[in-house]
Amino acid sequence: MFFEVPDKTIDAVGQYVIPGGIDAHTHLDMPFGGTSSVDVFESGTLAAAHGGTTCIVDFAIQAKGDPLRKGLDTWHAKAEGKGAVDYAFHMIMTDVNDSTIEEMGQLVSEGITSFKMFMAYPGVLFVDDGQIFRGMQRAADIGALICMHAENGIPIDILVQQALAKGHTAPIYHALTRPQIAEAEGTHRAICLAEMAGAPVYIVHLSAERALKQVTEARDRGLPAYAETCPQYLFLSEDDLARPGFEGAKFVCTPPLRPKSMQEDLWRGLRTHDLQVVSTDHCPFCMKGQKDLGTGSFAKIPNGMPGVETRMYMLWDGGVRAGRISMNRFVEITSTAPAKIFGLYPKKGTVAVGADADLLVWDPEKKHVLSDKTLHMRVDYTPYEGREVVGYPTHVLSHGKVVVENGKYTGKTGDGRFVKRSTFSL
Ligand code: URP
Ligand code: ZN
Ligand code: ZN
């Protein structure tokens, strides 16, 4: 097949033309854990483009005591003119009060139609159940979606202090102090609060079998409960956190990596549609100068892993080629479902007349090896170093323009536009 874009005919013989990837969960230039995630908008969206992702939804953060507007303006300033591909924002609410509840309506009118709240990280990002419930009630009124970090941070912090008091400082204790029941309880509670508020809820970065059961049970009852997982939970495990020395720090993210046996539960959830999306939670910190803040204490290792560039590769190779998901399901979980859930459809997430023409020409057979040396993320490692994968976007198009061709960037910084998203309508 050949197809034409302005001034160009692309030879797509033997390849697939599919919608560009949408990564609905990134943290670019995010202050966290005493440092900042190392990809800024320029490098993060460039890496996304190389890996076949043509739109990201990043998280703007409200600092405690500030209005939402201030946090949102800060994120607009970070991103303005820097995007290699399109970007949108969710808003993280750390302070839910009369004034910020009111502000949510204004943000929705500006295309910020989802809000994240945290049950984890007490004293930092945590909000209590009353705040969550109020946020959900307001979201239901204005057509917004609440994204929930569903992990009970209060007992977790006690377990962390107890582990440190016993001299348990190694990275593996990050997993041992954040048991899956803390996530299952948070997920159950988030769904109950949303049901009471009459609101839809989206569980972010779901990692574990018991949390998945909560989502499955809610969906079986017909509730508008949605959930994403991330490649790290599908391909890595707590064995990686237990690697010798300090290497496990590369794999510290929250919720933590789980026992390997849980990977198949998550794949099953993707096949049965109990999980609808795979996004990355891309939150990269270098080993040198950032992760090493935690050499003496796992609790000081900045939480987060890189992944915006490798998501499509891993899911094609380890998902489609491995026979775990169909090709159609690959397109759904990487693009169509996040577009529909987050108000980007039908401009994005589909190949159709009138859509944005964010497209990939995907070579299903091209082999390449993942390495920090050749990937474009600014971080100093990839969790998948040396892994050979098959599947590659020979052409990446944003708004009908080729921005990456056979691994060469042909776009220009600032091509990526801010996208106003529609209200929740599923
Ligand atoms: O480890 C993670 N996930 N870091 C980013 C913050 C979050 O909770 O999403
Ligand atoms: Zn989170
Ligand atoms: Zn996150």
Side-chain angles (χ1 to χ4, degrees), residues 23-39 44 56-63 71 75 88-94 114-127 132 145-153 156-157 160 171 173-175 177-178 182-183 186-187 189-190 201-208 211 226-234 236 238 240-241 248-258 277-287 290-291 293-294 298-308 311 338 342 377 379 381 383:
D23 188 345
H25 190 151
T26 66
H27 299 280
L28 300 179
D29 200 2
M30 179 204 189
F32 196 48
T35 179
S36 279
S37 60
V38 73
D39 268 319
I56 61 162
V57 191
D58 201 74
F59 286 87
I61 306 185
Q62 173 208 15
W75 252 258
F89 296 128
H90 313 276
M91 185 82 221
I92 289 177
M93 295 179 77
T94 59
S114 46
F115 297 83
K116 181 177 178 186
M117 291 190 278
F118 288 80
M119 292 173 162
Y121 310 126
V124 188
L125 298 166
F126 174 90
V127 286
I132 292 169
L145 178 62
I146 295 297
C147 300
M148 187 60 62
H149 182 130
E151 203 191 14
N152 192 333
I156 285 172
D157 270 14
V160 168
Y173 286 96
H174 180 68
T177 55
R178 305 184 89 93
E183 189 181 350
T187 303
R189 184 158 38 101
V201 66
Y202 179 91
I203 307 296
V204 293
H205 47 46
L206 188 143
S207 72
Y226 303 87
E228 65 176 22
T229 189
C230 309
Q232 52 269 35
Y233 305 118
L234 295 166
L236 302 168
E238 62 183 20
D240 294 295
L241 271 169
K250 290 178 180 169
F251 305 92
V252 168
C253 60
T254 300
L257 301 181
R258 302 297 185 185
V277 173
V278 178
S279 18
T280 62
D281 198 3
H282 177 76
C283 190
F285 297 102
C286 289
M287 281 297 277
Q290 295 191 298
K291 290 278 187 185
L293 293 169
F298 70 91
K300 295 201 174 125
I301 301 171
N303 290 192
M305 283 175 60
V308 74
R311 177 183 70 134
F342 290 108
M377 300 173 283
V379 63
Y381 73 97

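Counting convention: from 1, in listed order, for ligands and their atoms alike.
Taking backbone and side-chain atoms together, Cys283 has no N/O/S atom less than 2.8 Å away from the Zn ion (ligand 3).
The backbone N or O of Thr280 sits nowhere less than 3.5 Å from a side-chain atom of His25 that would complete a donor-acceptor pair. Counting only distance, with no hydrogens or angles, the side chain of Asn303 and the backbone of Thr254 share no donor-acceptor pair below 3.5 Å. In this structure, Ser37 contributes its side chain and Met30 its backbone to a donor-acceptor pair below 3.5 Å. Checked by atom type and distance alone, the side chain of His174 pairs as donor or acceptor with a backbone atom of Cys253 at under 3.5 Å. Under a 3.5 Å cut-off, the side chain of Lys250 and the backbone N or O of Asp240 do not form any donor-acceptor pair. Remark: the backbone N or O of Met93 is not paired with any side-chain donor or acceptor of Gln62 at under 3.5 angstrom.
Here the heavy atom of the protein found nearest to atom 1 (O) of ligand 1 is Thr254 N, 2.8 Å. Among protein heavy atoms, atom 4 (N) of ligand 1 sits closest to Asn303 O, 3.1 Å. Looking from atom 3 (N) of ligand 1 to the surrounding protein, the closest heavy atom is Asp281 OD2, 2.6 Å.
Judged by distance alone, the side chains of Ser279 and Asp23 never bring a donor and an acceptor atom under 3.5 Å apart.
The only member of Phe118, Phe59, Tyr202 that meets ring pair (Phe, Tyr, Trp, His ring centres under 6.0 Å) when paired with His149 is Phe118.
For ligand 1, the atoms sitting less than 4.0 Å from at least one non-hydrogen atom of Phe118 are 8 (O), numbered in the order shown with element in parentheses. Remark: ligand 1 atoms within the under-4.0 Å shell around heavy atoms of His27 are 5 (C), 6 (C), 7 (C), 9 (O). Atom numbering of ligand 1 starts at 1 in the shown order; those under 4.0 Å from a heavy atom of His149 are 8 (O). With ligand atoms numbered from 1 in the order given, ligand 1 contributes 9 (O) to contacts under 4.0 Å with heavy atoms of His25. Of all the atoms in ligand 1, the ones that sit under 4.0 Å from a non-hydrogen atom of Cys253 are 1 (O). If you number the atoms of ligand 1 from 1 as listed, the ones under 4.0 Å from a heavy atom of Lys116 come out as 7 (C), 8 (O), 9 (O).
Residue contacts with ligand 1, taken as heavy atom pairs separated by less than 4.0 Å, do not involve Glu151 at all.
Proximity of the aromatic rings of His205 and Tyr233 is defined here by a centroid distance below 6.0 angstrom, and this criterion is not met.
Contacts of Arg178 classified as salt bridge (Lys or Arg N to Asp or Glu O under 4.0 Å), with partners at least two apart in sequence or in another chain: Glu151.
Contact between Met305 and ligand 1 is absent, with no heavy atom of the residue lying under 4.0 Å from the ligand. The closest approach between any non-hydrogen atom of Tyr121 and ligand 1 is below 4.0 Å.
For the pair NE2 of His25 and NE2 of His27, the angle at the Zn ion (ligand 3) is about 100°; rounding is to 10 degrees.
Protein N/O/S atoms nearer than 2.8 Å to the Zn ion (ligand 2) total 3.
Taking both residues in full, the closest heavy atoms of Ala227 and Leu206 are given as CB-CD1, 4.1 Å, listed atom of the first, atom of the second, then distance. Listed here is the closest heavy atom pair of Val308 and Met377: N-SD, 3.9 Å. Across Met119 and Ala150, no two heavy atoms sit closer than the pair SD-CA, 3.8 Å.
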